[in-house]
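Taking it in order: structure first as structure tokens, then the write-up.
Just so you know, ligand 1 is whichever comes first in the structure, and atom 1 is the first atom listed for that ligand.
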Amino acid sequence: MDESKYDRQVTLLCPACGSDQFSFDDEEEDGPVKCVNCGRETTRDELIAENGETIEAHVAEVGEEVTADIAKELNKSLRDAFKGNKHIRFK
Ligand SMILES: [Zn+2]
């Protein structure tokens, strides 16, 4: 199993300090997860639940940004298209 691949997909952050470095026992699925930076101990389930809101907020933020970017691009290409037409018309 490639664990590092999974790590990259979802980065769990410590809700207390924002660190993404945790120490935990790989053998013990329900064992405690300890933040390496501030020492806060939690469980995997708790950590995932606490990160759930962050992840959702992040996705919503990214979604809005993408929409704004598409709108900007669309406006730009519309302007360019008009510019182009004008240019052709007055040539
Ligand atoms: Zn921490």
Side-chain angles (χ1 to χ4, degrees):
M1 194 163 106
D2 192 355
E3 290 259 23
S4 61
K5 205 167 154 190
Y6 182 73
D7 280 350
R8 236 172 288 144
Q9 282 178 321
V10 179
T11 307
L12 295 171
L13 299 175
C14 172
C17 72
S19 169
D20 62 354
Q21 300 295 310
F22 299 97
S23 68
F24 52 87
D25 191 348
D26 261 338
E27 303 292 310
E28 207 182 336
E29 282 247 344
D30 297 324
V33 179
K34 191 177 176 185
C35 173
V36 171
N37 190 48
C38 72
R40 187 181 189 272
E41 264 192 43
T42 184
T43 66
R44 287 185 200 199
D45 282 349
E46 252 171 34
L47 191 63
I48 289 163
E50 281 166 333
N51 273 264
E53 280 181 35
T54 317
I55 291 161
E56 270 173 38
H58 186 68
V59 167
E61 216 173 87
V62 168
E64 271 171 34
E65 254 171 52
V66 168
T67 312
D69 272 355
I70 290 169
K72 223 192 299 176
E73 271 305 302
L74 205 65
N75 267 327
K76 194 173 166 282
S77 46
L78 277 174
R79 273 203 308 271
D80 284 351
F82 278 122
K83 231 190 277 169
N85 281 339
K86 216 178 185 181
H87 205 73
I88 292 160
R89 214 180 282 161
F90 290 115
K91 208 171 181 180

L13 vs N51 side-chain heavy atoms within contact, under 4.5 Å: yes

Mind checking whether R40 and P15 have side chains closer than 4.5 Å, heavy atoms only? yes

Looking at side-chain heavy atoms only, is the closest gap between C14 and C38 below 4.5 Å? yes

Atoms (protein N, O or S; no water) under 2.8 Å from the Zn ion (ligand 1): 4

Within the 4.5 Å heavy-atom criterion, are V33 and T43 side-chain neighbours or not? no

Rounded to the nearest 0.5 Å, how far apart are CG of D45 and CD of E50? 11.0 Å

Show, in sequence, the C-alpha distance, side-chain angles and deciding distance for F22 and T42, and conclude whether the side chain to side chain contact (heavy atoms under 4.5 Å, CB included) test is met. CA-CA 10 Å; F22 299 97; T42 184; 5.5 Å; no

